[in-house]
Every structure is written in structure tokens, then in C-alpha cells.
There are 2 protein chains.
Amino acid sequence: MSSQVIITTVNVNGLRAASGKGYVEWLAQTEADVVCLQEVRAEPGQLAAEVVEPAGWHVLWAPSTTAKGRAGVAVLSRQEPQRMKVGFGSDEFDGSGRYAEIDLPGVTVASLYLPSGEVGTPRQDEKERFMAEFLDHLKRLRERAAEQGREVVVCGDWNIAHREADLKNWKANQKKAGFLPEERAWLSRVLDELGYVDTVRSLHPDAVGPYSWWSYRGRAFDQDSGWRIDYVVTTPGLAARATTGVVERANSHPERWSDHAPVTVTFDWTPPLS
Amino acid sequence: MSSQVIITTVNVNGLRAASGKGYVEWLAQTEADVVCLQEVRAEPGQLAAEVVEPAGWHVLWAPSTTAKGRAGVAVLSRQEPQRMKVGFGSDEFDGSGRYAEIDLPGVTVASLYLPSGEVGTPRQDEKERFMAEFLDHLKRLRERAAEQGREVVVCGDWNIAHREADLKNWKANQKKAGFLPEERAWLSRVLDELGYVDTVRSLHPDAVGPYSWWSYRGRAFDQDSGWRIDYVVTTPGLAARATTGVVERANSHPERWSDHAPVTVTFDWTPPLS
DNA sequence: CCTAGAACG
DNA sequence: CGTTATAGG
């Protein structure tokens with residue numbers, strides 16, 4: 001006997017705004033067991049009760065304590081977590097609302113919102129510092145998982161398109177933050193060196209996209225002029241059990257409620273009993 | 001034979017917003033000959049063509065050059081002005097979008113947006129400095145008008161309620177900016193000492209109000225919990241010809257398009273031919 | 001082109 | 001409780 005585990009990640013671009021535009025309905029109909037949110041941009045106290053404590057879910061909130069109304073991640077799980085943690089042990093970033101993780105039986109699930117930047121700005125420097133520190137964390141996470149015989153899922157908005165197939169117009173974007181050689185190389189290290197797997201790409205090795213973010217500017221969404229920057233990254237054992245990986249391009253709802261779409265991966269996997 | 005001159009003043013609280021909510025329709029139907037606007041909060045280049053150059057009107061724009069998106073006054077006239085001037089000769093305030101005047105045959109019409117403040121803040125100090133300087137200007141304006149045999153109309157948002165009948169709850173507001181003893185005394189000097197006339201009050205000496213501003217907070221408008229702070233102030237010769245003075249409480253339109261309402265005064269007056 | 005805080009009223 | 005500018009994306 002085996003069962004399914006479904007994990008979804010979505011950058012909501014302001015949960016207060018998203019809640020009024022379809023997020024609530026989307027959550028009510030999702031079949032996911034775990035949902036990772038990024039860019040919540042609110043503290044729990046600023047959200048409606050049905051959003052803070054949705055019926056049937058346990059939620060770990062990790063708003064930014066350093067900059068109000070920015071960043072902020074959360075992890076929703078139908079099962080009660082065995083352990084919850086905000087931040088990854090970084091003095092600079094633990095209060096910035098960019099990382100939270102929960103342990104469920106046999107698996108650690110994390111929600112990541114990697115900084116975005118523009119070339120030549122302090123934000124890009126911050127992104128690079130984050131990447132350097134976070135690589136170490138990913139390494140430790142694998143080691144701990146191996147010791148404990150558990151799997152790892154790190155999902156979220158990585159703000160990097162890995163390969164040419166991961167964005168619409170790669171040639172024009174080679175010097176743009178999010179597709180810089182050093183950013184792509186860093187993501188390669190996460191995958192090749194640390195041994196994590198980009199599940200959606202693994203399931204669709206030859207696909208263009210599927211993109212998960214489209215700028216609000218111009219007609220990017222209508223023309224599918226997007227980037228694939230939201231990933232469900234897992235340890236190899238779990239990746240081998242991934243059966244489907246889809247981008248919910250229509251957000252499962254008539255109107256868009258974020259500039260990102262949910263990315264959902266299904267695993268044919270039976271967690272241990274405790 | 002005699003004819004009518006109609007003058008209206010209204011604080012639009014952001015002309016871009018107001019234009020989308022009923023200002024355009026209101027202007028199209030007004031019978032005024034001159035319209036003075038305050039709190040335009042935009043430069044002409046930020047406004048739609050029909051708003052910048054409404055058909056049948058000459059317009060003097062005086063946006064704030066010191067603080068984008070703040071203050072800003074304008075004077076619209078059906079007749080072409082003989083002379084236009086921005087500011088009243090103040091180093092501190094001439095670029096702040098708070099005063100503009102035009103000469104029409106026999107009459108000078110000015111649009112004034114007096115600073116608003118809160119007790120104990122630098123804004124209140126600014127208001128007081130403005131008042132001091134502007135009193136001198138009003139004096140010179142009368143002298144010049146007398147020399148040239150012309151009348152003067154200074155209309156706008158004076159941000160002062162003069163008497164107890166000029167605001168809903170005067171007792172609770174005695175220590176609030178806009179109804180301070182020194183502000184009321186200053187307005188008394190404008191009227192009693194310089195000899196200007198508050199035309200609407202002169203026409204309705206015993207009325208409560210009529211208020212011209214209602215806070216957007218709470219149910220102030222529905223409860224008519226307002227202040228009369230928008231005045232059409234004129235030289236006595238013209239004031240004697242004022243026949244009606246009304247606040248267009250419904251903005252002459254189904255929905256409110258500003259927190260102020262237009263104040264319109266009609267004069268039974270025939271201007272000289274040139 | 002959006003979201004959000006913040007200044008100002 | 002609005003309008004607007006600005007940061008951030």
C-alpha cells in the first residue's frame with residue numbers, strides 16, 4: 001500500500017490583497033497536504049481570522065520583523081508539525097521573513113523566499129550574501145536528514161531561473177538579476193553538488209517552462225512571457241517518488257490573485273507512522 | 001441694465017482622483033464664471049487634457065514646485081484674464097502651490113489654499129508664518145484695488161472656522177488647529193480691520209454653517225458634522241452686490257468627489273467693458 | 001503594473 | 001478615511 005503527499009508553493013504577493021481576490025477560495029479547494037507561502041507581506045494580526053487560522057490547517061507564520069509589509073513566509077500543513085522553526089541560523093536573515101520549516105513524520109518541509117535584486121544595487125549584494133549562507137544551510141539540512149532518515153523539501157520563490165528553458169527570453173536576460181551566470185551556477189551547486197532535485201524539471205526535462213511568474217507589466221501573462229523561479233526542491237529519495245509537477249497557471253480561479261502561480265508536486269510516498 | 005457674475009471655490013482633494021469621480025461632470029454643468037480650485041495635487045502634465053484645458057475655460061495652474069503631489073491651486077475663468085500671477089511675493093510660499101490670482105475687467109480673483117496644521121507641529125508654525133505674510137498681501141491687494149478702482153475676491157480653503165456657528169462642535173474644538181483663538185482673531189482682522197467681507201456669512205448671518213468640509217472619517221458627512229472653512233471673501237463694494245451664497249453640499253452630483261463641497265456666490269454686478 | 005507603508009490632511 | 005509619493009518587486 002502507498003499513499004500520496006501533495007505539496008504546493010506559491011508567492012502570494014501580499015496575502016491581504018490576495019485574500020480579497022481568490023486566495024481563500026483557492027486554498028479551500030486545493031488538495032495539497034502542505035502549502036508554502038511567500039511574500040505574505042503581513043503579520044498574522046493584520047489578516048482575517050479565516051486566513052490566519054484556516055479550518056483544517058496548522059500554520060507556521062514567519063513575517064518579517066525587520067521591515068513591515070515586506071517578505072514574510074508561512075507553511076500550512078493539514079497534519080500538526082512535530083517541530084517548527086523560523087530562520088536558518090543566520091544573524092542577518094532570520095528576522096527577515098524569508099525562511100521557515102516544519103518537520104512532519106519523515107519529512108522536513110521549508111518555505112523559502114530568496115531575496116530579489118537588481119544588478120549593481122545593495123539588494124543584489126544582499127541576495128548574494130543570502131545565497132552564500134543558505135547553501136551552507138542546505139548542506140546541513142541534508143546531513144541532518146540523512147542522520148535521521150528523513151526527506152527534505154525546500155520550496156519557494158528562489159528568484160533564479162536556472163536554465164535557458166526557464167524563462168521566455170533568455171538571451172535578452174543574461175545580464176539581468178535572476179538569470180546571471182553566478183546565480184545559475186549557484187543553483188547548479190544546490191542540485192549537482194548537494195544532490196537536491198528540481199522536481200518539476202526532473203518530471204519535464206525537455207519542457208519550456210512551465211513558468212511560475214509573470215510580471216504585472218505589459219501583457220506578460222497573456223503572452224506567457226514568464227520565468228520559472230518557484231521550485232519544489234527535494235532530496236533524491238523523495239524526488240524519485242514525484243509523479244506529477246504542475247504550475248496552476250490559472251491559479252485554479254477565474255482571476256489572478258498574484259503575479260506568481262502555485263506550483264504543485266505530487267509524491268507517491270507513504271510517510272512513516274510517527 | 002445689470003448682469004450676474006458667479007464665482008465658485010472648491011478644494012478638490014486631488015484633482016486626478018476627483019476627475020474620475022464627478023469633477024468633470026460638475027464643471028460641465030456649473031454656471032460659474034470663475035472657479036477657484038485648491039489641493040489640485042498634480043501638475044498639468046499629470047492631468048487628462050479635458051481637465052487641463054476644459055473647453056470654454058482659461059486656466060491658470062499653480063502647482064506646488066516644492067513638494068510633489070501636495071497643495072496646488074488653479075483659477076478657471078470663462079473670460080481671458082488680463083493678467084495672471086502665481087504667489088503673493090513670499091520667498092517661502094510662492095512655490096508652494098497655495099496662491100494664484102487673475103485680473104478680469106474690474107475685478108481681481110484669487111485662489112487661496114492656506115496651510116493646515118496640528119497644534120504643536122512645524123506645520124502649524126508654517127501656517128502662522130503664512131498667515132502673517134498673507135495679511136500684508138491682503139492689505140496691499142486692497143490698496144491696489146482702491147487705486148485702480150477694482151474689486152477683489154479671495155476665495156479658497158482658509159483652513160479656519162471663524163465663529164462658533166462655523167463648525168459642528170465648537171466647544172470640543174477650541175484647542176484644535178483651525179479653530180484656535182489666534183486663528184479666529186486673525187480672520188477677524190482680515191474682515192474687520194482690512195474691511196473684507198465673508199460673503200456667505202454676510203448673506204446668512206444667523207445660519208448654522210453652511211459647512212463646506214466634512215472629514216472622510218466616520219459618518220461626518222451623513223451627520224453634517226462639518227466645518228465652514230472655505231470662504232468667498234471680497235471687497236465691500238462687491239460684497240454689497242452678493243445675492244446668493246450656497247454650499248453645493250451634494251457636489252451637484254450623486255457621489256462625493258472631494259471631502260469639501262463647492263461654495264458658490266452670485267453677484268448682481270456689471271463689470272466694466274475693459 | 002502591483003503591493004504596501006508613510007506623510008499629510 | 002482618503003489622496004498621493006516612494007520603495008520594492
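All values below were derived from every heavy atom in this structure, side-chain atoms included, with hydrogens, water molecules and symmetry-related copies excluded. Convention: sequence-line order gives letters A, B, ...; per-chain numbering from 1. Model, not experiment: these values are computed from the prediction.
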Trainee: To the nearest Å, how far apart are Arg123(B) CZ and dA7(C) P?
Mentor: 11 Å
Trainee: Ring pair (Phe, Tyr, Trp, His ring centres under 6.0 Å) with Tyr211(A): which residues, sequence neighbours excluded?
Mentor: none
Trainee: Atom CD of Gln38(A) and atom C1' of dG8(D): how far apart are they, to the nearest Å?
Mentor: 17 Å
Trainee: Please state how far atom NZ in Lys127(A) lies from atom C1' in dG9(D), giving the value in whole angstrom units.
Mentor: 11 Å
Trainee: What's the closest nucleotide to the side chain of Arg217(A) if the choices are dG2(D), dG9(D), dA6(C)?
Mentor: dG9(D)
Trainee: Closest to the Arg98(B) side chain: dG9(C), dA4(C), dG9(D)?
Mentor: dG9(C)
Trainee: Does any pair with a residue in residues 209-222 of chain B pass salt bridge (Lys or Arg N to Asp or Glu O under 4.0 Å), and if so which ones, sequence neighbours excluded?
Mentor: none
Trainee: Of all residues at least two apart in sequence or in a different chain, which pass the ring pair (Phe, Tyr, Trp, His ring centres under 6.0 Å) check with Tyr99(B)?
Mentor: Phe88(B), Phe134(B), His137(B)
Trainee: Could you check whether Asp157(B) and Gln38(B), counting side-chain N and O atoms only, form a donor-acceptor pair closer than 3.5 Å?
Mentor: no
Trainee: Heavy atoms only, 4.0 Å cut-off, all strands: where does Asp259(A) land among base, sugar-phosphate and nothing?
Mentor: nothing
Trainee: Rounded to whole angstrom units, what separation is found between the CG atom of Asn11(B) and the C1' atom of dT4(D)?
Mentor: 14 Å
Trainee: For DNA chain D, which residues of residues 112-121 of chain A approach it to below 4.0 angstrom with any heavy atom?
Mentor: Tyr113(A), Ser116(A)
Trainee: What is the distance, rounded to the nearest whole Å, between atom CD of Glu126(A) and atom P of dG9(D)?
Mentor: 8 Å
Trainee: Is Gln46(A) touching bases, backbone alone, or none of the nucleic acid, heavy atoms closer than 4.0 Å?
Mentor: sugar-phosphate
Trainee: Within this structure, what is the CD-to-P distance between Gln124(B) and dA7(C), rounded to whole angstrom?
Mentor: 19 Å
Trainee: Looking only at side-chain atoms of Lys21(B), point me to the closest of dT4(D), dA6(C), dG2(D).
Mentor: dG2(D)
Trainee: I'd like to check the side-chain hydrogen bond (donor to acceptor under 3.5 Å, both in side chains) partners of Trp214(A); sequence neighbours left out, ordered by chain and number.
Mentor: Asp224(A)
Trainee: Tell me the salt bridge (Lys or Arg N to Asp or Glu O under 4.0 Å) pairs involving residues 166-178 of chain A, sequence neighbours left out?
Mentor: Asp166(A)-Arg201(A), Asp166(A)-Arg228(A)
Trainee: Of all the choices, dA6(C), dG8(D), dG9(C), which nucleotide is nearest to the side chain of Arg70(A) once you look at every atom?
Mentor: dG8(D)
Trainee: Give one of base, sugar-phosphate or nothing for Leu15(B), where a contact means two heavy atoms less than 4.0 Å apart.
Mentor: sugar-phosphate
Trainee: What is the distance, rounded to the nearest whole Å, between atom CZ of Arg41(B) and atom P of dT6(D)?
Mentor: 12 Å
Trainee: Tell me the interatomic distance from Lys68(A), atom NZ, to dT3(C), atom C1', rounded to whole angstroms.
Mentor: 14 Å
Trainee: Tell me which nucleotide among dG9(C), dT3(D), dT3(C) gets nearest to the side chain of Asn13(A).
Mentor: dT3(C)
Trainee: Select from Glu39(B) and Val40(A) the residue whose nearest nucleotide in DNA chain C is closer to the 5' end of that strand.
Mentor: Val40(A)
Trainee: Does the side-chain hydrogen bond (donor to acceptor under 3.5 Å, both in side chains) test come out yes or no for Gln124(A) and Glu183(A), once each step is laid out?
Mentor: CA-CA 11 Å; Gln124(A) 186 66 14; Glu183(A) 295 173 331; 2.8 Å; yes
